[in-house]
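Structure record follows, encoded as structure tokens.
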Amino acid sequence: MVCEEKLCSTLAVENSLEYLVLGDLYQASNLKAKALQLVVTNMIGIVNQENFKSFLRCHPDLALEVTMTRFKKEESED
């Protein structure tokens, strides 16, 4: 839990994909939720990052979760 709190405090757009993967891998639900929201909110900039293609290839389930969360966010804003 201490590690999860530390990672949450250093969460940024630049590391949000990596932290999303870590949160999922280690069942750190708070880290995963915060990283997911950061990714969803900053999708336009994130898709242009070098590591985004690798993320899509290596973590298709998480990529789908990001996509579904983004769609739900857009629906709730309408």
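Just so we're clear, the structure is a prediction, and the values are computed from it rather than from any experiment.
Of all heavy-atom pairs between Ser16 and Ala35, the closest is O-CB, 3.6 Å. For the pair Leu22 and Leu7, the tightest heavy-atom approach, listed with the atom from each and the gap, is CD1-CD1, 4.5 Å. Nearest heavy-atom pair across His59 and Val21 is CE1-CG1, 3.5 Å. The heavy-atom pair separating Cys58 from Pro60 by the smallest distance is C-CD, 3.4 Å.
Leu56 meets the side chain to side chain contact (heavy atoms under 4.5 Å, CB included) test with Phe52, Ala63; sequence neighbours excluded. Taking the side chain to side chain contact (heavy atoms under 4.5 Å, CB included) definition, one finds that Val66 meets it with Leu20, Leu36, Val39, Val40, Met43, Phe55, sequence neighbours left out. Shown here are the side chain to side chain donor-acceptor pair (under 3.5 Å) partners of Ser9, two or more places apart in sequence or in another chain: there are none.
A distance of 5.0 Å separates CG of Leu38 from CG of Leu11, quoted to the nearest 0.5 Å. In this structure, CG in Leu62 is found 9.5 Å from CG in Leu17, a value given to the nearest 0.5 Å.
Each side-chain hydrogen bond (donor to acceptor under 3.5 Å, both in side chains) pair with one or both residues in residues 26-53, not counting sequence neighbours, appears once here: Asp24-Lys32, Lys32-Glu65. Within the structure, salt bridge (Lys or Arg N to Asp or Glu O under 4.0 Å) pairs that include any residue of residues 6-17 do not occur (at least two apart or interchain).
As a member of the Ile/Leu/Val/Met/Phe/Trp/Tyr network built from side-chain separations under 4.5 Å, Leu64 groups with Met68.
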